[in-house]
Amino acid sequence: MAKATVEAPSNIAFVKYWGVEDIDRAIPRAPSLSMTLRRCASRTTVAFTPDADTDDTVLMADAEGTLHPADDGFAEPVVQHLNRLRTWADRPGSFRVATQNSFPAAAGLGSSASGFSALTLATLKALDTWPDAATRSALARQSGSGSAARSVLGGYVAWPHGDNHAAEPVAPHTHWDLRDVIAVVETDPKPVSSREGHQRAPSSPFYEKRLSHLPERMQTARASIAARDFDRLGPLIETEGVELHLITMSSQPPIYYWKPATLKVLEVVRAMRSDGLAAYATMDAGANVHVICPPEDEPQVAARLDSMHAVHMVIRDGVGPGPTTDVDPLF
Ligand code: PMV
């Protein structure tokens, strides 16, 4: 039996992945770019018993580390991905898997990027194989969570459109310290999965127009990260965060991920800017708002979000180095 543990962080997209060419392989219609986080992470332990033909076991660890059987909704895509990796490595055998999220399960924050990145990397280690970064990223993507392709790397990460559909580094986390202050306004599961949203995207009359802007936005994002130019990057982050939702709301049938509280936070972020803070908002496929800012403005941004009635919880995160094996196993 071989065992490995990996902790992989979530990421927040500055240029959003929305729309697929091939849903089962998570091949995107367009490029995206993200910042890998530090605190919001999934830790996964995988044990592999070669040649055993018993079913795989999938467990969830609670905050205290106690293991419970995962429900079917969680376990099924995990087992599907284990099958994919077992076939890829051509290694018959059986897996035992346990996962723990560092952020509160009820925070309504997507954990699929961190979860599938950690699962992919821990499984590869347990199988005693460690392909190059592009292959690790492409394998994580095939979980069905495309954004997991970016979480296998740290710092600033691009997932270009084309070639092997793997993510690539843009800059390490040490290049530029940016923070992500997350205003949690919604803790219920999202009304429509991102898998479904990706497929509906082309039905928006504005989708082709959006695609035509993306090559230039990717260039601007890369250049402003290289130059540590937040005055240039910030507005792009917020444009992208809003435009994703213009596409979802104009898809057929439409998808409304925002809640009234989302708009309240967006208003407060605009007020922060009028008061001289460098803060720009972005949202993934959900109602929660990620406020990106430089470290010197983080305490004030967090305090103002925390004082809002509409905000249930504030999580202070920031750019991080990416997955690590320097963590205790879950079993
Ligand atoms: O990783 P998926 O397939 O759940 O898609 C996530 C898409 C967004 O989070 C909305 C944007 C992104 O690029 O992360």
Side-chain angles (χ1 to χ4, degrees), residues 8-37 40 42 73-74 77-78 80-81 101 103 107-120 137-153 156-161 165-168 170 180 182 186 189-202 204 207 210-211 213-214 217-218 221 236-249 251 255-258 262 281-290 292 317:
S10 188
N11 67 77
I12 180 67
F14 293 168
V15 178
K16 304 288 184 186
Y17 154 50
W18 200 245
V20 273
E21 240 163 62
D22 176 339
I23 187 69
D24 291 318
R25 293 166 60 221
I27 294 182
R29 282 283 298 272
S32 58
L33 188 147
S34 57
M35 174 172 96
T36 298
L37 299 178
C40 290
S42 302
F74 184 89
V78 169
Q80 271 175 25
H81 195 50
N101 290 325
F103 41 97
L109 298 168
S111 53
S112 60
S114 54
F116 280 112
S117 167
L119 177 68
T120 304
S137 170
L139 286 169
R141 186 202 80 229
Q142 287 168 32
S143 63
S145 169
S147 53
R150 298 187 309 243
S151 267
V152 304
L153 298 170
Y156 300 88
V157 180
W159 182 19
H161 178 226
H165 308 291
E168 62 186 34
V170 169
D180 178 4
I182 309 169
E186 170 68 51
K190 53 188 166 204
V192 178
S193 68
S194 45
R195 184 181 165 89
E196 174 63 32
H198 286 301
Q199 293 173 88
R200 277 190 215 173
S204 161
Y207 189 63
R210 163 168 174 72
L211 292 185
H213 290 304
L214 290 180
R217 286 205 190 136
M218 286 292 286
L236 180 148
I237 290 173
E238 202 161 300
T239 299
E240 272 291 303
V242 172
E243 197 172 288
L244 165 70
H245 293 268
L246 292 182
I247 299 297
T248 71
M249 291 185 218
S251 296
I255 311 169
Y256 294 91
Y257 288 117
W258 288 4
T262 311
T282 185
M283 290 70 54
D284 276 342
N288 298 322
V289 186
H290 295 247
I292 312 298
D317 210 332

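Both ligands and their constituent atoms are indexed starting at 1 by order of listing. Nothing fancy with the numbering, it's 1 onward along the sequence.
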| said: Tell me the protein heavy atom at minimum distance from atom 9 (O) of ligand 1, and give that distance in Å. | reply: D284 CG, 3.3 Å

| field | For atom 4 (O) of ligand 1, closest protein heavy-atom neighbour | value | S194 OG, 2.7 Å

| request: Check if R150 has a non-hydrogen atom at a distance under 4.0 Å from any atom of ligand 1. | output: yes

| task | Answer yes or no for A285: is there a heavy-atom contact with ligand 1 below 4.0 Å? | result | yes

Do ligand 1 and [X] have nitrogen or oxygen atoms that lie under 3.5 Å from each other?
X    : result
Y17  : yes
G146 : yes
S147 : yes

| query | W18 vs H198 aromatic rings, parallel, tilted or perpendicular, using cut-offs 30° and 60°? | reply | tilted

| request: Determine the interplanar angle of the H245 and Y257 rings, folded into 0 to 90°, and report it as parallel if under 30°, tilted if 30 to 60°, perpendicular if over 60°. | output: perpendicular

| query | Relative to ligand 1, is S145 under 4.0 angstrom through side chain, backbone, both or neither, heavy atoms considered? | reply | both

Does [X] reach the main-chain N or O of [Y] with its side chain, forming a donor-acceptor pair under 3.5 Å?
X    : Y    : value
R210 : I247 : no
E238 : A281 : yes
D317 : I182 : no
T248 : I255 : yes

| query | Numbering the atoms of ligand 1 from 1, which are under 4.0 Å from a heavy atom of H198? | reply | 2 (P), 3 (O), 5 (O)

| said: Show the atoms of ligand 1 that are less than 4.0 angstrom away from any heavy atom in A13. | reply: 12 (C), 13 (O), 14 (O)

| Does a side chain donor of either S114 or S10 reach within less than 3.5 Å of an acceptor in the other side chain? | no

